[in-house]
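Have a look at the structure below, then the notes.
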Amino acid sequence: QSAQRAKPKKAIVSEIENGGNSVAKNDRMYNLVQACCEPNNLMTRTSRHNADFNIIEITEREDFRSPAGRLIATQGLRGPHDTLFLSAPCTGGSKWTTINRHKGGDKTNALIDEHVKLFWQLWESCVIVLKHANKVKARVFIELPRQCYYWKDSRITSVLEQHGFVNADFDGCQYGLVAKHGKEIGHPINKPWRIATLRSTLSNTLHKVCDGKHALRHTKCGGANTKETQCYTPSIVNLLFSSMKLDNCELFLEKKMVY
């Protein structure tokens with residue numbers, strides 16, 4: 001549970017409708033709506049790469065599953081220059097799930113079931129917000145580890161195929177993801193990511209997969225390094241913003257040519 005006391009959902013909705021939310025009062029050019037993100041994550045840290053972005057966080061506190069959480073997202077997606085970025089937890093769909101179910105007891109299986117339930121509740125909200133994103137032609141990113149079982153579920157594949165999502169596949173070790181703890185500090189960590197993209201050229205920007213040509217061998221993604229691998233590296237973050245800005249520049253050029 002979040003350490004902060006959650007606002008009542010009615011209060012959050014009221015805040016948005018009255019212009020108290022950053023969606024309404026920030027005058028930056030582009031909105032990036034981060035759904036299911038950790039508060040104050042690397043993408044929110046001010047840099048020259050995100051100076052043109054108003055970053056709207058929907059954390060556990062705002063709860064993307066709720067009507068209030070979805071309202072934050074739809075209010076933030078105004079048009080083609082804005083982006084929805086869903087990074088839902090993959091705990092219930094990781095490759096370790098099968099092993100843990102086999103080795104664990106009733107408590108372990110019940111915990112896994114709760115993780116799975118949470119993911120599909122978040123996905124249902126994503127499908128609802130996706131309808132709005134399509135209406136205003138906003139950009140959409142959906143991120144999970146590449147080996148996550150959810151990618152193969154028909155509830156996911158049918159939506160991605162229906163709307164024409166394109167995958168951006170990349171490995172963390174190609175973008176500076178290394179161990180920061182343990183005996184193998186500095187060794188690359190080969191975390192395979194996938195971002196399914198809609199109305200984006202991100203797959204042309206984030207596409208490096210490991211070729212095995214590291215000076216140091218890969219180290220395992222485990223122990224104290226596990227939490228580190230849940231976050232993007234500065235290189236990945238900068239490329240994400242560069243891709244969104246490039247796509248938005250193309251939109252401005254297209255509009256200028258029409259007029």
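Side chains included, hydrogens not; waters and symmetry mates left out as well; all remaining heavy atoms used.
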Closest non-hydrogen atom pair between Cys210 and Asn190, with its separation = CB-OD1, 4.0 Å
inquiry  = Would you compute the distance between atom CG of Asn238 and atom OG of Ser47 and round it to the nearest 0.5 angstrom?
reply    = 5.5 Å
message = Give me the atom names and distance for the closest heavy-atom approach of Ala73 to Val129.
response = CB-CG1, 3.9 Å
key: Polar side chain donor-acceptor pair, Arg139 to Asn248, under 3.5 angstrom   = yes
ask   = Got Phe53 and Lys245 here, is their nearest side-chain heavy-atom distance under 4.5 Å?
value = yes
query = Going by atom types only, do Asn134 and His163 share a side-chain donor-acceptor pair under 3.5 Å?
reply = yes
message = When you compare the side chain of Leu202 with that of Ile195, does any pair of heavy atoms fall below 4.5 Å?
response = yes
Nearest-0.5 Å distance that lies between atom NE2 in His207 and atom OG1 in Thr205 = 7.0 Å
task = Output yes when a side-chain donor or acceptor of Asp63 lies under 3.5 Å from a complementary backbone atom of Glu60, and no otherwise.
result = no
task = Answer yes if Val136 and Ile128 sit in the same cluster of Ile, Leu, Val, Met, Phe, Trp and Tyr residues linked by side chain heavy atoms under 4.5 Å apart, and no otherwise.
result = no
note = Output for pair (Thr219 OG1, His181 NE2), nearest 0.5 Å, gives 12.0 Å
inquiry  = Is the positively charged end of Arg155 above the ring of Trp123, judged by distance under 6.0 angstrom from the centroid and angle within 45° of the axis?
reply    = no
request  = Could you go through the side-chain contact (heavy atoms from CB on, under 4.5 Å) check for Ile55 and Tyr30 one step at a time?
outcome  = CA-CA 8 Å; Ile55 301 172; Tyr30 316 130; over 6 Å; no
Side chain Gln147, main chain Pro192, donor-acceptor under 3.5 Å = no
key: Separation between NE2 of His214 and SG of Cys173, rounded to the nearest 0.5 Å   = 3.5 Å
inquiry  = Does any part of the side chain of Val140, heavy atoms only, come nearer than 4.5 Å to the side chain of Phe165, both counted from C-beta?
reply    = yes
key: Interatomic distance, His218 atom NE2 to Leu177 atom CG [nearest 0.5 angstrom]   = 9.5 Å
request  = Could you walk me through whether Asp171 and Trp193 pass side-chain contact (heavy atoms from CB on, under 4.5 Å), step by step?
outcome  = CA-CA 6 Å; Asp171 290 340; Trp193 266 300; over 6 Å; no
inquiry  = Donor-acceptor pair, distance only, cut-off 3.5 Å: does the side chain of Ser87 make one with the backbone of Cys37?
reply    = no
inquiry  = Grouping I, L, V, M, F, W and Y whenever their side-chain heavy atoms are under 4.5 Å apart, do Phe141 and Leu246 come out in a common cluster?
reply    = no
query = Any side-chain heavy atom of Tyr150 sitting closer than 4.5 Å to one from Val116?
reply = yes
key: Side-chain donor or acceptor of Ser200 paired with backbone N/O of Thr197 under 3.5 Å   = no
request  = Describe, in one word, how the ring planes of Phe170 and Tyr175 are oriented to each other, choosing from parallel (under 30°), tilted (30 to 60°) and perpendicular (over 60°).
outcome  = perpendicular
query = Leu32 and Met244: side-chain contact (heavy atoms from CB on, under 4.5 Å), yes or no, with the steps?
reply = CA-CA 9 Å; Leu32 170 61; Met244 287 183 277; 4.1 Å; yes
ask   = How close do Ser203 and Asn167 get, heavy atom to heavy atom, and via which atoms?
value = CB-O, 3.5 Å
Side-chain heavy-atom pair Ile72, Phe64 within 4.5 angstrom cut-off = no
request  = For residues Glu38 and Thr59, report the shortest heavy-atom separation together with the two atoms involved.
outcome  = C-CG2, 4.3 Å
query = Between the side chain of His132 and the main-chain N/O of Leu77, is any donor-acceptor distance below 3.5 Å?
reply = yes
ask   = Between the main-chain N or O of Gly69 and the side-chain N or O of Ser66, is there a donor-acceptor pair closer than 3.5 Å?
value = yes
Residue pair Ser125 / Arg70, side-chain donor-acceptor N/O under 3.5 Å = yes
message = My understanding is that only one of Ile58, Val33, Leu240 makes a side-chain contact (heavy atoms from CB on, under 4.5 Å) with Phe85; could you say which?
response = Leu240
request  = Applying side-chain contact (heavy atoms from CB on, under 4.5 Å), run through Arg217 and Glu184 and close with a yes or a no.
outcome  = CA-CA 9 Å; Arg217 67 181 178 85; Glu184 296 184 320; 2.4 Å; yes
message = With a 3.5 Å distance limit and no angle check, can you tell me whether Thr97 reaches the backbone of Thr91 through a side-chain donor-acceptor pair?
response = yes
request  = Count the heavy atoms of every other residue, nucleotide or ligand shown that sit under 6.0 Å from CG of Asp106, and state whether that count exceeds 12.
outcome  = no
ask   = Is the SG of Cys148 found under 2.5 Å away from the SG of Cys90?
value = yes
query = Do Leu206 and Ile236 touch side chain to side chain, with heavy atoms closer than 4.5 Å?
reply = yes
ask   = Salt-bridged, Asp247 to Arg199, with N to O below 4.0 Å?
value = no
key: Trp151 with Val209, same ILVMFWY side-chain cluster at under 4.5 Å   = no
query = At their closest point, which heavy atom of Thr157 faces which heavy atom of Ser154, and how far apart are they?
reply = OG1-CA, 3.2 Å
ask   = Is it the case that one hydrophobic cluster holds both Tyr149 and Leu122, taking links as side-chain heavy atoms less than 4.5 Å apart, direct or via other members?
value = no
ask   = Sub-3.5 Å donor-acceptor pair from the side chain of Ser243 to the main-chain atoms of Leu239, do we have one?
value = no
ask   = Under a 4.5 Å side-chain heavy-atom rule over Ile, Leu, Val, Met, Phe, Trp and Tyr, are Phe241 and Met29 clustered together?
value = yes
ask   = Mind checking whether Arg78 and Asn31 have side chains closer than 4.5 Å, heavy atoms only?
value = yes
request  = Kindly compute the distance separating CG (Leu130) from OG1 (Thr74), expressed to the nearest 0.5 Å.
outcome  = 12.5 Å
request  = Find out whether Arg194 and Leu144 are in side-chain contact, i.e. whether some heavy atom of one side chain is under 4.5 Å from a heavy atom of the other.
outcome  = no
task = Might you point out which heavy atoms bring Gly186 and Leu216 nearest each other, and give the distance in Å?
result = O-CD1, 3.8 Å
